[in-house]
Colleague: 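One structure, pasted below without further comment.
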Amino acid sequence: MEKIRLGISTCLLGENVRFDGGHKLDRYLTDTLGHYVEYLPVCPEVECGLGTPREPLRLVGDRENPRLITSRSNKDQTDRMMGWAETRVAQLEKEDLCGFIFKSGSPSSGMERVKVYGLNGVPAKVGVGLFARIFRDHFPLLPVEDEGRLHDPILRENFIERIFALRRWRDVLKEKKSLKNLIDFHTRNKLLLLAHSPEHYRQMGRRVAGGKEIPLPELFSQYQILFLEALGLKATNRKNSNVLMHMLGYFKDRLSGNEKQEMLDIIEQYRLEILPLIVPITLLKHYVRKYDEAYLKEQTYLNPHPGELQLRNHV
Ligand code: SF4
């Protein structure tokens with residue numbers, strides 16, 4: 001697998017680009033996730049020419065369409081930022097990004113719940129930073145998160161699973177497009193997709209099954225949209241439990257009554273959020289190895305991201 005490229009708000013890497021000359025280093029992103037990804041830093045305020053240090057900015061006015069205004073001198077920087085951002089997202093198309101991590105709360109980089117000041121001077125956390133908005137409009141299906149949300153173990157696991165899945169898909173796109181490659185990819189990702197969206201999995205299966213009727217570029221493009229949409233839906237305890245039960249079905253003639261009951265109990269405890277996902281997964285992986293279960297061995301669901309990240313220990 002090629003290294004995963006992620007866009008990131010520059011200040012999260014510890015660069016002194018904030019309005020006050022400081023940074024917002026996030027050690028998890030640099031010291032842990034950083035081992036597996038290559039970051040492409042983007043600081044909208046510096047890159048659009050506002051310099052460091054600078055007067056702080058804020059969003060003001062209409063909640064849907066706020067202006068970006070300097071907080072003391074009331075200078076409107078909206079057009080400068082928008083003009084730069086449109087050019088920057090067009091450049092980013094060539095960067096093969098698998099996602100973006102934004103700085104939360106920023107009037108330029110925040111992806112949600114950014115303060116918008118009404119004309120009465122009272123803020124409401126309802127806005128999106130100007131660059132983040134243009135980025136998301138330009139790459140609507142690309143995985144995005146902010147560093148604050150990534151402290152939530154479930155959101156973190158989902159985001160990292162998505163960027164690894166997207167990297168694997170991009171690696172398939174680098175090969176010669178063929179129906180066989182698409183079928184192989186779809187087969188290997190069946191359980192992963194079921195954990196996110198059984199409905200998307202069915203739709204994708206119909207596309208792949210009727211693949212001979214559709215020109216390959218069109219087929220791959222339709223598949224990609226459904227794949228990214230599916231991964232954008234959160235994998236929940238309920239959906240994961242269904243996938244675990246499905247996997248258990250592969251061993252129904254090989255496990256003893258006691259072993260089956262133990263597995264059922266563990267899946268139930270996971271469903272009730274008493275045990276983390278890593279517990280049933282570890283036991284099922286043991287059976288996959290023991291019985292050399294060829295189909296399950298190939299499933300990305302069993303190893304969607306490096307175990308060292310311990311993401312499934314907390315969901
Ligand atoms: S939040 Fe965005 S604009 Fe502000 S310093 Fe960080 S990268 Fe630059």
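Here the structure is a predicted model, which is why all the values come from computation and not from measurement. Every number for a ligand or one of its atoms is a count from 1 in the order of the listing.
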Colleague: Validate the cation-pi geometry between Arg54 and Phe19: distance from NZ or CZ to the six-membered ring centre under 6.0 Å, angle to the ring axis within 45°.
Modeller: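 No, cation not above the ring by the 6.0 Å, 45° rule.
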Colleague: Should one rank Gly129, Ser106, Gly22 by closest heavy-atom distance to atom 1 (S) of ligand 1, which comes out on top?
Modeller: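 Nearest heavy atom to atom 1 (S) of ligand 1 lies in Ser106.
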Colleague: Does one side chain, of Asp265 or Gln261, offer a donor that lies under 3.5 Å from an acceptor on the other?
Modeller: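 There is such a pair (donor and acceptor under 3.5 Å, judged by atom type) between the side chains of Asp265 and Gln261.
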Colleague: Please list, in number order, the atoms of ligand 1 under 4.0 Å from a heavy atom of Ser9.
Modeller: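 Once the distances to Ser9 are compared, the set is 7 (S).
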Colleague: Would you check if Asp152 and Arg149 make a side-chain contact, meaning some heavy-atom pair closer than 4.5 Å?
Modeller: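 Side-chain contact under 4.5 Å: no.
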Colleague: Would Val46 count as a contact residue for ligand 1, given that I'm defining contact as a non-hydrogen atom of the residue lying under 4.0 Å from a ligand atom?
Modeller: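 Outside the 4.0 Å threshold, so no.
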Colleague: Run through Trp169, Tyr223, Phe220 and flag the one making a ring-ring contact (aromatic ring centres under 6.0 Å, His included) with His186.
Modeller: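 Looking at Trp169, Tyr223, Phe220, the match for His186 under the ring-ring contact (aromatic ring centres under 6.0 Å, His included) is Tyr223.
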Colleague: Do any N or O atoms from the side chain of Ser106 and from the backbone of Ser108 form a donor-acceptor pair under 3.5 angstrom?
Modeller: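 A pair under 3.5 Å: yes.
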Colleague: For ligand 1, note which part of Val42 has a heavy atom under 4.0 Å away: side chain, backbone, both or neither.
Modeller: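 Only the backbone of Val42 comes within reach of ligand 1.
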Colleague: Select one of side chain, backbone, both or neither to describe which atoms of Arg54 lie under 4.0 Å from any atom of ligand 1, heavy atoms only.
Modeller: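 For Arg54, the contact with ligand 1 is made by the side chain alone.
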Colleague: One residue to check: Glu45. Relative to ligand 1, which of side chain, backbone, both or neither has a non-hydrogen atom less than 4.0 Å away?
Modeller: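 Contact part for Glu45 vs ligand 1: both backbone and side chain.
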Colleague: Between Ser104 and Glu147, do the side chains contain an N or O donor and an N or O acceptor separated by less than 3.5 Å?
Modeller: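 Indeed, the side chains of Ser104 and Glu147 share at least one donor-acceptor pair under 3.5 Å.
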Colleague: Suppose I only count heavy atoms of Lys103 and a 4.0 Å limit; which atoms of ligand 1 are within that range?
Modeller: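 Close to Lys103: 1 (S).
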Colleague: Measuring only between side-chain heavy atoms, which start at C-beta, is Val288 closer than 4.5 Å to Phe251?
Modeller: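 They are in side-chain contact.
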Colleague: Do Arg238's NZ or CZ and the ring of Tyr270 fall within the cation-pi criteria of under 6.0 Å and 45°?
Modeller: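 No, cation not above the ring by the 6.0 Å, 45° rule.
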Colleague: Taking both backbone and side chain into account, is any N, O or S atom of Cys11 nearer than 2.8 Å to atom 6 (Fe) of ligand 1?
Modeller: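 Of the N, O and S atoms in Cys11, at least one lies under 2.8 Å from atom 6 (Fe) of ligand 1, which means yes.
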Colleague: Relative to ligand 1, is Cys43 under 4.0 angstrom through side chain, backbone, both or neither, heavy atoms considered?
Modeller: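 For Cys43, the contact with ligand 1 is made by both the backbone and the side chain.
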Colleague: Taking only heavy atoms of Ser109 into account, list the atoms of ligand 1 that are under 4.0 Å away from them.
Modeller: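 The atoms of ligand 1 under 4.0 Å from a heavy atom of Ser109 are 1 (S), 2 (Fe), 3 (S), 7 (S).
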Colleague: Taking only heavy atoms of Thr10, which atoms of ligand 1 are found under 4.0 Å from at least one of them?
Modeller: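 Going through ligand 1 atom by atom, the ones under 4.0 Å from Thr10 are 7 (S).
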